[in-house]
J.: 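Just dropping this structure here.
Note on naming: letters A, B, ... go to the chains in the order of the sequence lines (proteins, then strands), and numbering restarts at 1 for each one. Worth knowing before you read on, the calculation uses all heavy atoms, side chains too, and leaves out hydrogens, waters and symmetry mates.
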Protein chains: 2
Amino acid sequence: MSATSAPSEVEARRTTADTVFNALREDITKMRLCPGTRLSEAEVAKQYDISRQPVREAFIRLDNLRLLQIRPQRATVVRPISREGIKRARFVRLSVELEVARLACEQYDGSADATLHQQLELQQASLEKADMTAFTQLDYSFHNQLCLAAERPHAMKVISDCKATTDRLCIPSAVYAKRTPEVLEDHREIVDRLVARDLDGLLAITREHLGRLDESLDAFQLEHSEYFED
Amino acid sequence: MSATSAPSEVEARRTTADTVFNALREDITKMRLCPGTRLSEAEVAKQYDISRQPVREAFIRLDNLRLLQIRPQRATVVRPISREGIKRARFVRLSVELEVARLACEQYDGSADATLHQQLELQQASLEKADMTAFTQLDYSFHNQLCLAAERPHAMKVISDCKATTDRLCIPSAVYAKRTPEVLEDHREIVDRLVARDLDGLLAITREHLGRLDESLDAFQLEHSEYFED
DNA sequence: ACACCCATTCTGGTATGGTAGTGTACCAGC
DNA sequence: GCTGGTACACTACCATACCAGAATGGGTGT
């Protein structure tokens, strides 16, 4: 899993290297820099008007996060996306969300009823305003609530890491936006099953819910196979 | 989480920085360097008779793997172990192994019967010879076989990463050695349940199996609380 | 005797110069 | 016209020098 909880994330700018690291990471994850794009230490250094050393440090960290690929004595490129990596992240997320659902269902005492229903209303409101950014945040918040209900707050970090791996595939995809109503319906059913303490039903809808994203991801892979390594 | 599939692992020595990185990583994961130990770039550089730059690069990579903690303008120390991190790794492993077991059980067609039983015999043989190293490898291999039976070979990478997080707690613990007979018994039952396609039984024994390690880990945390951050 | 301040000495961070390995383009030879 | 080799340009890698912030120890004032 990736090191998204690195201290550099807390305060965005401590050193010059951090600045470059954060900037490049944003560029890559937001697909402003596409996989395969060539980068050179000297070039980026000149661009930011700093020396090559901090750039090199940023490159190393991005390489560790599998966002860059440093090829010794050759060139550094934005790392092509690994289909295996995507599969793995999806598998981990499914596994974790299922266990979270199970724990939440077993321990559920109704204390989170109000919070969950409030979340659903907020999601609906954001959809009516067609505010995708808000909906994305609410989706994150919703799954976080499930983790809290399962008394496994740290599970959200894992899910968050999985999302980080797959998120950049969703940004350019308008397919996702069309499916948000289904996503909201899923969330409603998840809450219903949880409140009813219907474990089997909850696990089934959780699978279906996560499966939707898989379809969107597959579609993207077909559209943009040039971004992938294999 | 960790970058165990980094290209540096294939060929252990490509650059000077790789050499230092691998050496230090070994030292830390094998507990030759205990959490809290101070390290300085200059010191290590002198030790290896190289400049500070490659050492610095190695430090950065180890910091990304959460094995070191670089504290700017102060000192670099072997990062204290995070109890949260341990919990998270255990949770992820349990979740993944459960899903692997489920898939393996659903798809099981008996073709792996011979391989699995052979694995069990090898495990027994290594225990009779009190060869812990062999048993550890066979344990890895056994869980890998389960992933293959589930047709999720990449799941083993996740499990492997989780193990990497927790393994260094087991090395100094003699408690683990005493429990290996139980581990073998668990493996036997796992195979039995799988062959019988008894899903509920398989999930139950999988939980119990992984729970044993949790107990050992808890014991270690009580013994060596000085190695932990919180 | 105690507390506080300042200098010294650590630390990691940055800048720059030089090195060796790798692609590429150009030119010679066939 | 095509192929092969060689020179060149570019890359990441390493070494060295310098800088700024942080800790620490000793000295001084109270």
J.: Just N and O in the side chain of A:R71: are any of them under 4.0 Å from OP1 or OP2 of C:dT22?
T.: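 For C:dT22, neither OP1 nor OP2 has a side-chain N or O of A:R71 closer than 4.0 Å.
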J.: What is the distance, rounded to the nearest whole Å, between atom CD of B:E57 and atom P of C:dT14?
T.: 15 Å
J.: Run the salt-bridge test on A:R179 and A:E182 with the 4.0 Å N-O cut-off and return the result as yes or no.
T.: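 Salt bridge flag = no for A:E182 with A:R179.
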J.: Only counting residues at least two apart or in another chain, list the ones meeting salt bridge (charged side-chain N to carboxylate O under 4.0 Å, His left out) with A:R32.
T.: A:D27
J.: Does B:T76 make a side-chain N or O approach to OP1 or OP2 of C:dG12 shorter than 4.0 Å?
T.: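 B:T76 to C:dG12 OP1/OP2: side-chain N or O found under 4.0 Å.
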J.: Which of residues 38-51 of chain A sit near DNA chain C, with a heavy atom under 4.0 Å from it?
T.: A:I50, A:S51
J.: Kindly say whether, by distance alone, the side chain of B:R74 makes a donor-acceptor pair under 3.5 Å with the base of C:dG13?
T.: no
J.: Please list all pairs passing the side-chain hydrogen bond (donor to acceptor under 3.5 Å, both in side chains) test where one or both residues lie in residues 129-140 of chain A, with sequence neighbours left out.
T.: A:D139-A:H187
J.: I need the B:D218 CG to B:D214 CG distance, nearest 0.5 Å.
T.: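 Reported value, rounded in 0.5 Å steps: 6.5 Å.
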J.: So, the side chain of A:T37 versus the backbone of A:L33: is there a donor-acceptor pair under 3.5 Å, distance only?
T.: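 It does not hold such a pair.
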J.: For B:F59 and C:dG13, what is the distance between atoms CZ and P respectively, to the nearest whole Å?
T.: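 Between P of C:dG13 and CZ of B:F59: 11 Å.
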J.: Does a nitrogen or oxygen in the side chain of A:T16 sit under 4.0 Å from OP1 or OP2 of C:dT14?
T.: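 Yes, A:T16 has a side-chain N/O under 4.0 Å of OP1/OP2 on C:dT14.
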J.: Under 4.0 Å between a side-chain nitrogen and a carboxylate oxygen: does that hold for B:D63 and B:R79?
T.: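 Yes, this pair counts.
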J.: What residues form a side-chain contact (heavy atoms from CB on, under 4.5 Å) with A:E84, not counting sequence neighbours?
T.: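 So A:E84 forms a side-chain contact (heavy atoms from CB on, under 4.5 Å) with A:S82, A:K87, B:H154.
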J.: At the 4.0 Å heavy-atom cut-off to chain A, mark where contacts on DNA chain D begin and end, going 5' to 3'.
T.: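 First-to-last contact on DNA chain D, by the 4.0 Å heavy-atom rule, is D:dT11 to D:dA15.
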J.: 5'-most contact on DNA chain D: A:Q53 or A:Q73, nearest heavy atom basis?
T.: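 Counting from the 5' end, the first nearest nucleotide belongs to A:Q73.
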J.: Among all residues two or more places apart in sequence or in another chain, which pass the side-chain hydrogen bond (donor to acceptor under 3.5 Å, both in side chains) test with A:Q221?
T.: A:R83
J.: How long is the line joining CZ of A:R56 and P of C:dT19, in whole Å?
T.: 18 Å
J.: Return yes if a side-chain donor-acceptor contact under 3.5 Å exists between B:S141 and B:Q119, otherwise no.
T.: yes
